[in-house]
Amino acid sequence: MKTFPSKNIRHVAVIMDGNGRWANEKKMPRSAGHRAGASNVRRVVDKFKNIGLKYLTLYAFSTENWARPEHEIDTIMELLVSTANNQLADLDESNIKIVHIGDKMGLDPKVKRSIETCEDITRDNTEMTLCIAFNYGGRAELLNAIKILLSDPNIKDHPDEELIEKHLYTHNIPDPDLIIRTAGEMRLSNFLIWQSAYSEYYSTETLWPDFDEHEIELALHAYKLRTRKYGTISE
Ligand code: IPE
Ligand code: IPE
Ligand code: MG
């Protein structure tokens with residue numbers, strides 16, 4: 001029988017949504033919203049690190065976000081590279097390990113290199129794992145795992161949950177205890193669809209660039225009030 005983790009929170013995953021609306025409200029271009037969103041990452045990472053969280057995942061660019069206008073995609077790619085460049089030394093100093101989940105091959109070589117540099121430099125860090133979901137899609141992740149399993153004659157006829165998990169991008173990362181979505185939507189948008197089977201879900205109207213330490217406290221408080229049952233009749 002599968003064992004589930006205790007209620008102690010180990011992994012929080014955040015769908016960082018609402019950059020565009022933040023900019024719209026201020027009569028600014030969407031790119032300004034993405035810049036404000038990128039600037040907010042450090043504040044949120046620091047807060048979660050300070051409460052002792054071990055895994056934080058941030059959803060930054062989905063496989064569906066390629067459908068956006070080219071100039072917006074360019075802005076997001078440039079922000080990924082510049083944020084990585086600006087923050088890497090400091091994140092490394094803070095003993096934070098950076099891990100990418102998603103399809104690296106579909107990225108521009110410059111973006112891919114930037115992500116790989118972050119992963120290489122912080123590989124041995126132990127304080128917190130910061131997982132960046134970039135060019136990430138839950139369905140693409142599952143399809144990738146299925147293809148690997150089908151290509152192995154030893155396992156293709158008897159796959160099990162463990163084998164699937166072994167081939168997900170999140171291998172070795174525990175399932176998220178809490179998924180937070182900013183900007184009010186009530187959907188996963190192809191985020192961690194396998195891993196979120198028993199995650200608690202929290203949505204706030206606050207737009208991502210405004211999501212601050214107090215907002216994190218509110219989300220954690222809401223989590224504390226939840227009863228996780230995993231299909232049983234008691235916690
Ligand atoms: C989230 O903000 C950032 C990405 C999806 C890359 P949005 O750009 O989706 O902001 P809204 O939803 O338009 O407000
Ligand atoms: C989800 O936000 C993806 C990221 C935050 C990276 P979207 O803005 O792309 O989601 P939808 O389109 O509203 O579902
Ligand atoms: Mg959005």
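Counting starts at 1 for both ligands and their atoms, following the listed order.
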Item to check | N or O contact, Ser62 vs ligand 2, cut-off under 3.5 Å | outcome: no
Checklist entry - Is it true that the side chains of Thr117 and Asp120 contain a donor and an acceptor less than 3.5 Å apart? => result no
Item to check | Derivation and outcome, side chain to side chain donor-acceptor pair (under 3.5 Å), residues Ser189 and Arg181 | outcome: CA-CA 10 Å; Ser189 302; Arg181 183 162 187 149; 2.8 Å; yes
Checklist entry - For ligand 1, which atoms have a heavy atom of Gly20 less than 4.0 angstrom away? => result 7 (P), 8 (O), 10 (O), 11 (P), 13 (O), 14 (O)
Checklist entry - Judged by non-hydrogen atoms, does Ala60 sit under 4.0 Å from ligand 1? => result yes
Checklist entry - Relative to the heavy atoms of His34, which atoms of ligand 1 are at a distance of less than 4.0 Å? => result 3 (C), 8 (O)
Next on the checklist: Under a 3.5 Å distance rule, please check whether Asn86 uses its side chain to pair with a backbone N or O of Ser82 as donor and acceptor.
Outcome noted: yes
Checklist entry - With backbone taken as N, CA, C and O and side chain as the heavy atoms from C-beta onward, which portion of Phe191 lies under 4.0 Å from ligand 2: side chain, backbone, both, or neither? => result neither
Checklist entry - Aromatic rings Tyr55 and His11: how do their planes relate, parallel, tilted or perpendicular, breaks at 30° and 60°? => result tilted
Checklist entry - When you measure from atom 14 (O) of ligand 2 to every protein heavy atom, which one gives the shortest distance, and what is it? => result Ser189 OG, 2.6 Å
Item to check | Under-4.0 Å heavy-atom contact between protein and atom 12 (O) of ligand 2 | outcome: no
Item to check | Ala183 touching ligand 1 at heavy-atom level, < 4.0 angstrom | outcome: no
Item to check | SB check Arg21 Glu25 (cutoff 4.0 Å) | outcome: no
Item to check | Distance-only N or O hit between ligand 1 and Trp22, under 3.5 Å | outcome: no
Checklist entry - Is Asp17 reaching over with its side chain to a backbone N or O of Leu207, donor-acceptor style, under 3.5 angstrom? => result no
Checklist entry - Which bit of Asn65 is near ligand 1, meaning a heavy atom under 4.0 Å away: side chain, backbone, both or neither? => result side chain
Checklist entry - Which distance, rounded to the nearest 0.5 Å, do you find between the OH of Tyr201 and the CG of Leu188? => result 5.5 Å
Checklist outcome for this item: protein heavy-atom neighbour closest to atom 3 (C) of ligand 2 works out as Tyr59 CE2, 3.7 Å
Next on the checklist: When you compare the side chains of Asp175 and Trp194, does any donor N or O come within less than 3.5 Å of an acceptor on the partner?
Outcome noted: no
Item to check | Nearest to the Mg ion (ligand 3) - the N/O/S atom of Asp17, by atom name | outcome: OD1
Checklist entry - Strictly under 2.8 Å, is any N, O or S atom of Glu185 next to the Mg ion (ligand 3)? => result no
Next on the checklist: Please check whether Ile76 reaches ligand 1 - meaning an N/O of the residue sits under 3.5 Å from an N/O of the ligand, judged on distance alone.
Outcome noted: no
Checklist entry - Under 3.5 Å, side chain of Asp92 to main-chain N/O of Thr122, donor-acceptor pair present? => result no
Next on the checklist: Has His100 got a side-chain atom pairing as donor or acceptor with Phe134's backbone, closer than 3.5 angstrom?
Outcome noted: yes
Checklist outcome for this item: Taking only non-hydrogen atoms of Phe61 and a 4.0 Å limit, the atoms of ligand 2 in range are 6 (C)
Item to check | Numbered atoms and elements of ligand 1 in range of Arg21, under 4.0 angstrom, heavy atoms | outcome: 11 (P), 12 (O), 14 (O)
Checklist entry - Considering only the protein, which heavy-atom contact is closest to atom 1 (C) of ligand 1, and what is its distance? => result Met16 O, 3.0 Å
Checklist entry - Which ligand 2 atoms does Arg187 reach within 4.0 Å, using its non-hydrogen atoms? => result 11 (P), 13 (O), 14 (O)
Item to check | Selected option - heavy-atom contact closest to atom 10 (O) of ligand 2, from Arg68, Glu185, Arg181 | outcome: Arg181
Checklist entry - Can you check side chain to side chain donor-acceptor pair (under 3.5 Å) on His34 and Asn19, steps first, answer last? => result CA-CA 5 Å; His34 291 308; Asn19 292 348; 3.2 Å; yes
Next on the checklist: With heavy-atom distances below 4.0 Å as the criterion, list the atoms of ligand 2 near Ile15.
Outcome noted: 1 (C), 5 (C)
Item to check | 4.5 Å side-chain heavy-atom contact, Leu218 and Thr204 | outcome: no
